[in-house]
Trainee: 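This is the structure I want to talk about, given as structure tokens.
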Protein chains: 2
Amino acid sequence: MTPGDDAYPRIRLYDIRKACSTCSLRELCLPVALGREDTEALDHIVERDHPLRKGDKLCRSGQPFAAIYTVLSGSLKSSTQGENGEDQIIAFHLPGELVGLDAIGAGRHHSTTEALETTSVCKIPFSRLEELSRQIPGLQHQLLRIMSKEIFDDHELLQVVARRSAEQRLAILLLNLSQRFGRRGLSRTRFRLPMSRHDLGNYLGLAPETTSRVFRRFLTQGLLSVTGKEIEFLDLPALQALTESPSAPPRSSKQG
Amino acid sequence: MTPGDDAYPRIRLYDIRKACSTCSLRELCLPVALGREDTEALDHIVERDHPLRKGDKLCRSGQPFAAIYTVLSGSLKSSTQGENGEDQIIAFHLPGELVGLDAIGAGRHHSTTEALETTSVCKIPFSRLEELSRQIPGLQHQLLRIMSKEIFDDHELLQVVARRSAEQRLAILLLNLSQRFGRRGLSRTRFRLPMSRHDLGNYLGLAPETTSRVFRRFLTQGLLSVTGKEIEFLDLPALQALTESPSAPPRSSKQG
DNA sequence: CGCAGATTTGAGTTCCATCAAGGCGTGTGG
DNA sequence: CCACACGCCTTGATGGAACTCAAATCTGCG
């Protein structure tokens, strides 16, 4: 049952790199000048976890924090819960990305992470990683670096949710997903959205109906074609133009 | 000109503790079992910076990251910039709080921090702090811990901006500020807002006019009294009730 | 005292959430 | 292979919250 035993043999960093060309574990380690020994040390703390089925929880809000994860295949969503049970999705996780960083240090998860489809992840026990990072100076810096990135991403999301129209929000998210798919070597213009319209809307601070309507508008305007969860960009420049606040009235900030 | 020279002598951790009873530097160090030597080591890397006047920038987006700061007196706002010059305020910083954490690791500031009034801060060169944190195991963990807190706060803000009404947003912010003032030993029910209505609105994703109108509504309902930037809570329970989504229509998430 | 910026107030408009109903698609059982 | 049912998605109609524009008032400051 526990990962790391015979049924779920340890996998090597080498394998992870093969499995996922832009794996965050690579992101975590690559900029660091790791010697052969260091690499092996890292190899040995990585464990493969059970594959998750759609709806399975990787971790729940309030649970003690023990490990961070990197997505090998599939996808996940993380959400925080308001006191009323209404939740707010704060991130989607695609293959090659790290999960659970917001729990570092607090010792406890603040969010619940759930599989959007059949998903396999790779577990990195944090205590061991932290221990290791004391021995490998660059690794410690990498940890801080990645958390910093997380903060930056959150700020970008905030900016989007606080100040942009529904169309801009969706366009920005689609382009963002496009980039992330592209980085994995998949098509940047044609891909499958792993999340429901509901999740999409929740993440962007929109009602699901609005999300649906915006898709229709994009379709009508010839910006993209939508078939269920499959989408294809037909007019990338126009979508990017949307992003740059073409119709966005300059709110707040400064208005002379 | 450079801080740390004779004109601005180094100040000691001891002084900082006196200057600010809930200083984040304490927050940073206190949970760590610091010996006398460690404490002195920290003392020596802390510098007092120039006092800032209203509107002065502590750091700008894009600048190389060199230090984190802790607020001794006054207050600051941090904002990110969209490509159009419209900015989004992501945090207000009151005395005793840390500034610049989002830049750790990226080596570059992602946000611009500006004084809302005459403000004095205390500079902690990061390279030295990092170096020190390799020698003091607990300190490293504290850094991660505090960054994690930052991420958590961002998620809370996102939840507020994405899902709550204008009244709820303002109520939540006012109560939050109340707590933070209270922690410093000031009144929790009567204080001065250091930021403009404009900034208030920007932070909450609202137009300044809306902010003003919500204040009026609160006034009319007898929830608080407002005189310019001075505010006083008159009906704390009612404000807190607002916070708990009483009139908040359960949006998105789940609606049977 | 007068200016500039901040705040408030008003009127009108827009965008999006809500409510409600219908369509599509997938999985299950016959 | 087909029928049915459930959930997800779409579409329509409507109302309301918040934004925009515009102007008056207030505030601080030189």
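Keep in mind the model is a prediction, meaning the values are calculated, not measured. To find a chain, count down the sequence lines: A is the first, B the second, and so on, and within it residues start at 1.
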Trainee: What do the steps show when you test A/Thr113 against A/Lys57 for side chain to side chain contact (heavy atoms under 4.5 Å, CB included), and what is the final call?
Mentor: CA-CA 6 Å; A/Thr113 302; A/Lys57 307 276 200 300; over 6 Å; no
Trainee: CG of B/Leu170 versus P of C/dT7: gap in Å, rounded?
Mentor: 13 Å
Trainee: Where the side chain of A/Glu209 is defined as all heavy atoms beyond and including C-beta, which of C/dC19, C/dT7, C/dA17 is the nearest nucleotide?
Mentor: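 That would be C/dC19.
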Trainee: Measure CZ/A/Phe218 against P/D/dT10 and give the value in whole Å, please.
Mentor: 13 Å
Trainee: May I have the distance from A/Glu230 (atom CD) to D/dC9 (atom P), rounded to whole angstrom?
Mentor: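 Roughly 14 Å, once rounded to whole Å.
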Trainee: Give a yes/no on whether any side-chain N or O of B/Lys229 is located under 4.0 angstrom from OP1 or OP2 of D/dT27.
Mentor: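 For B/Lys229, the contact criterion (side-chain N or O under 4.0 Å from OP1 or OP2 of D/dT27) is not met.
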Trainee: If you take the centroid of each ring, where Trp contributes its six-membered ring, are A/Phe233 and A/Phe218 closer together than 6.0 Å?
Mentor: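 That pair fails the under 6.0 Å test.
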Trainee: Check the distance between D/dC8's C1' and A/Met195's CE and give it to me in whole angstrom.
Mentor: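 Distance, rounded to whole Å: 16 Å.
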Trainee: What I want to find out is whether B/Arg163 reaches A/Glu86 closely enough, with some N-O distance under 4.0 Å, to be called a salt bridge.
Mentor: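 Salt bridge between B/Arg163 and A/Glu86, a charged N being under 4.0 Å from a carboxylate O: no.
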Trainee: Using whole Å, what does the distance between atom P of nucleotide D/dG12 and atom CZ of A/Arg216 come to?
Mentor: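 Taking CZ of A/Arg216 and P of D/dG12, I get 8 Å after rounding.
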Trainee: For a quick check of understanding: with a heavy-atom distance under 4.0 Å over all strands, which category does B/Lys54 fall into, base, sugar-phosphate or nothing?
Mentor: nothing
Trainee: Could you state the atom-to-atom distance from NE2 of B/His198 to C1' of C/dT7 in whole Å?
Mentor: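 One finds 12 Å between C1' of C/dT7 and NE2 of B/His198, rounded.
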Trainee: Rounded to the Å, how far apart are A/Arg197 CZ and D/dG7 P?
Mentor: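 Distance check: A/Arg197 CZ to D/dG7 P gives 19 Å.
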Trainee: If you check every side-chain atom of B/Thr210, which of D/dA18, C/dT18, C/dT7 has the closest atom?
Mentor: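 Closest nucleotide among those given: D/dA18.
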Trainee: Quick check on B/Lys229: does its NZ atom have over 12 non-hydrogen neighbours (other residues, nucleotides or ligands) under 6.0 Å away?
Mentor: yes
Trainee: If you check every side-chain atom of B/Arg217, which of D/dA18, D/dT11, C/dT7 has the closest atom?
Mentor: D/dA18
Trainee: Figure out the CG/C1' separation between A/Leu193 and D/dC9, and round it to whole Å.
Mentor: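 Distance check: A/Leu193 CG to D/dC9 C1' gives 13 Å.
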Trainee: Hydrogens and angles aside, do A/Ser111 and A/Asp102 bring a side-chain donor and acceptor to less than 3.5 Å of each other?
Mentor: yes
Trainee: Looking at B/Arg213 and D/dT20, is any side-chain donor or acceptor paired with a base atom of the opposite kind under 3.5 Å?
Mentor: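 Checked by distance alone, the answer is yes.
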Trainee: Which nucleotide sits closest to the side chain of A/Leu206: C/dT9, D/dT11, C/dA17?
Mentor: C/dA17
Trainee: When you measure from the side chain of B/Ser212, which nucleotide among C/dC16, C/dT18, C/dT7 comes out closest?
Mentor: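 Per side-chain heavy atoms of B/Ser212, the pick is C/dT7.
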